[in-house]
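Single-structure report; data block below.
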Amino acid sequence: MISSDRMAAVDRNAAALGVPRAQLMESSGHAVGRAVKRLADPGTSVAIVAGRGNNGGDAFAAARFLDDYAVSVSLLGRPESINDRISRANWDALQAGGYDTTTVRDAHALALDDPDVVVDALLGTGISGPPREPEATAIERINATDAPTVAVDVPSGLDADTGATPGSAVDADRVVTFHDTTPGLADHDHVTVADIGIPEAAETVVGPGDLLGVDRDPHGHKGDAGSVLVIGGGPYTGAPALCAQAALRAGADLVRLAVPDAVAAEVQGFDETFIVDSVVGTRLVEEHVPDLLARAEDADAVVIGPGLGDADTTQAAVAAFLAAFEGRAVVDADALTAVPDVETDATLVCTPHRGELQAMGGPTVDGSQPSRDAVEGFAAELGQTLLVTGARDVLSDGDTTRVNRSGTPGMTVGGTGDVLAGATAAMLATQPPIQAASAAAYATGGAGERAAEAHGHGLLATDICDALPAAIWGGQDA
């Protein structure tokens, strides 16, 4: 099964892989047409009731596959309000082809005229909550007919992810959904899952669809997009600073740094927007852990590791923090080796390169990167999410495994891992771990590609960091 959000991401990824959405809509329309033909003989009447979204577009395409039937298409709303250009093109094709189409401004005027089959294409999988007008009345009109009803993707009014019907919903006899079924259809007796040609790679290779969850509420307030705490520094100052900059560039509203006071002024000097709360001393030690845990309570995600160094006392402090922490954290760099030996209730995304992966006790890498199966097995053993970096990143939570192909050879420059850790933390502040890792990997690789266009392979990690906003919010349409 697949969630509605994930299906939207897969659609977008398929387009990036060279399968145009127009082609997918054509295949969807053909599948709906086949379902109608299984219910009724040629010459009988088919009433299509369509909304202004993508599943309306699927139904417009379906009408062209039903020329042997008496088809009428009722659009609920104005044609100029169809919210997708491909759906609009399919509506325009019906006008050019002389099909029987009607625009319905008032649902009370919807006349279905006792059809032999009704096609419900009012509301799609992205809708939750009770239907509003005019859809609610249109649903009542559909249910008032005696004709069998074929629903496109999901019966209008039913929540595709939960199966809930918080208001009125179409009582569909058949449902035609595409690529995979959604959880909300689990109890429906007659569901056809149509293969519309989405390649497997659209699910297993991260792409622009994986950035769709990186959203900004236009009415949001400070902190709504997430807060991040970076625990790092001591032997190194650039690493925690790069990590914090990347978290901000990737959309986090607030980023605080907990660094030893011996380097606090230097870290603060990297960026005037940093909120630096130092701890006493020259490096992280166990005495700092209670204070860090208290600070972490105010963060949506923590990064631990950048620039900490590998002193035994610091490693003990990392282990103590992870053992007591119960929130979300990105574990990077020198903190990674503590993970396998710590029992924790925290939700972790670990970001090792292949050498760090082996130091964690993970699979030995014979080639340039570990296999998907090896990473998946080790993630399952840890019970955490892994984002293993390389020429192609491999991501897994032990169940879902994906590969990221974005990036450039110039990203071997020092500091790139710190940028990735910060971007991952920004995503983890608002998204589930595997989605956060996918979005961060794709966005950081895309930022590297954009930076390489400007600078060639002689990149600085700051170039990649600065390119993150364009890679994230421009990359959604790639």
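All values below come from the heavy atoms of this structure, side chains included, with hydrogens, waters and symmetry mates left out.
Put simply, the side chain of Val71 reaches to within 4.5 Å of the side chain of Ile48, judged on heavy atoms. Residues Asp5 and Leu212 have side chains not in contact (no heavy-atom distance under 4.5 Å, counting atoms from C-beta outward). In this structure, Ile231 and Leu229 have side chains that are in contact, with non-hydrogen atoms separated by less than 4.5 Å. At a threshold of 4.5 Å between non-hydrogen side-chain atoms, the residues Val205 and Arg402 do not count as touching. Here the side chains of Thr101 and Gln95 are in contact, with some heavy-atom distance below 4.5 Å. Annotation: side chain of Phe60 is in contact with side chain of Leu75 (closest heavy-atom distance under 4.5 Å). Contact check for Ile464 versus Thr416: side-chain heavy atoms found under the 4.5 Å cut-off. Between Met427 and Val214 the shortest side-chain heavy-atom distance falls below 4.5 Å.
The one candidate from Arg12, Gln435, Arg6 that meets the side chain to side chain donor-acceptor pair (under 3.5 Å) condition with Asp210 is Arg6.
A donor-acceptor pair is defined here as one N or O able to donate and one able to accept, closer than 3.5 Å; such a pair exists between the side chain of Glu449 and the backbone of Gly407. In this structure, Tyr99 contributes its side chain and Asp67 its backbone to no donor-acceptor pair below 3.5 Å. Proximity of a side-chain donor or acceptor of Ser87 to a complementary backbone N or O of Gly56 within less than 3.5 Å is not detected. Side-chain N or O atoms of Thr444 include none that pairs as donor or acceptor with a backbone N or O of Ala441 at under 3.5 Å. At least one donor-acceptor pair closer than 3.5 Å links the side chain of Lys37 to the backbone N or O of Phe65. Without hydrogens or angle criteria, Thr44 side chain to Ala40 main chain gives no donor-acceptor distance under 3.5 Å. A side-chain donor-acceptor contact under 3.5 Å links Thr344 to the backbone of Ala346. For the pair Ser45 (side chain) and Asp116 (backbone), a donor-acceptor distance under 3.5 Å is present. At distances below 3.5 Å, not a single donor-acceptor pair connects side-chain atoms of Asp463 with backbone N or O atoms of Ala451. A donor-acceptor pair is defined here as one N or O able to donate and one able to accept, closer than 3.5 Å; such a pair exists between the side chain of Arg295 and the backbone of Asp277.
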Before giving the answer on side-chain contact (heavy atoms from CB on, under 4.5 Å), spell out for Val119 and Val36 the whole-Å C-alpha distance, their side-chain angles and the decisive distance to 0.1 Å.
CA-CA 8 Å; Val119 175; Val36 171; 3.8 Å; yes
Does the pair Leu248 and Thr273 meet the rule for a side-chain contact (heavy atoms from CB on, under 4.5 Å), with working shown?
CA-CA 9 Å; Leu248 289 167; Thr273 64; 3.7 Å; yes
Candidate pair Asp120 and Thr149, rule side chain to side chain donor-acceptor pair (under 3.5 Å), full reasoning:
CA-CA 7 Å; Asp120 160 35; Thr149 300; over 6 Å; no
Give the intermediate values and the outcome of side chain to side chain donor-acceptor pair (under 3.5 Å) for residues Thr462 and Gln245.
CA-CA 9 Å; Thr462 49; Gln245 285 178 328; over 6 Å; no
Just do the side-chain contact (heavy atoms from CB on, under 4.5 Å) check on Glu26 and Ile196 with the steps written out, would you?
CA-CA 9 Å; Glu26 194 77 359; Ile196 58 174; over 6 Å; no
Quick one: do Val175 and His190 satisfy side-chain contact (heavy atoms from CB on, under 4.5 Å)? Show the steps, please.
CA-CA 6 Å; Val175 179; His190 300 287; over 6 Å; no
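Side-chain contact annotation: Tyr442 with Asn13, donor-acceptor N/O pair under 3.5 Å absent. There is no side-chain donor-acceptor pair under 3.5 Å between Asp373 and Ser371. A side-chain donor from one of Ser4 and Asp161 sits under 3.5 Å from a side-chain acceptor of the other. Side chains of Asp332 and Thr351: a donor-acceptor N/O pair is present below 3.5 angstrom, by distance only. No hydrogens or angles considered: a donor-acceptor pair under 3.5 Å links the side chains of Asn404 and Ser406. Side-chain atoms of Ser396 and Thr401 include a donor-acceptor pair closer than 3.5 Å. In summary, the side chains of Asn83 and Arg88 do not present any donor paired with an acceptor at a separation below 3.5 Å, with no hydrogens or angles considered. At a cut-off of 3.5 Å, with distance as the only test, no side-chain donor of Ser156 or Glu135 sits close to an acceptor on the other residue. Checked by atom type, the side-chain pair Glu133/Thr137 shows a donor-acceptor distance below 3.5 Å.
When all heavy atoms are compared, the tightest approach of Ala250 to Ala423 is CB-CA, 3.8 Å. For the residue pair Val255 and Ala244, the shortest heavy atom distance occurs at CG1-CB, 3.7 Å. Here the shortest heavy-atom pairing between Ala429 and Gly226 reads CB-CA, 3.9 Å. Across all their heavy atoms, Leu211 and Ala471 have their closest contact at CD1-O, 3.6 Å. Residues Pro433 and Thr347 come closest through the heavy atom pair CG-CG2, 3.4 Å. Taking all atoms of both residues into account, the shortest heavy-atom contact from Ala147 to Val118 is CB-CG2, 4.1 Å.
Atom OG in Ser227 sits 8.5 Å away from atom CG in Asp253 (nearest 0.5 Å). Rounded to the nearest 0.5 angstrom, Met1 CE and Thr177 OG1 are separated by 10.5 Å. Here the straight-line distance linking atom CG of Leu94 with atom CG of Asp100 works out to 10.5 Å at 0.5 Å rounding. Taken to the nearest 0.5 Å, the CG atom of Leu387 stands 4.0 Å off from the CG atom of Leu395. Separating the CD1 atom in Ile139 from the CG atom in Leu123 is a distance of 5.5 Å, to the nearest 0.5 Å. Separation of atoms CG (Leu242) and CZ (Phe270) is listed at 7.0 Å; rounding is to 0.5 Å.
Salt bridge present: Arg21 and Asp84 bring a charged side-chain N and a carboxylate O closer than 4.0 Å.
Within 6.0 Å of the CD atom in Glu80, the count of heavy atoms belonging to other residues, nucleotides or ligands exceeds 12. Enclosure of atom CG in Asp187 is not indicated, since only 12 or fewer non-hydrogen atoms of other residues, nucleotides or ligands lie within 6.0 angstrom. The local environment of CZ in Arg392 is sparse, with at most 12 non-hydrogen atoms from other residues, nucleotides or ligands closer than 6.0 Å.
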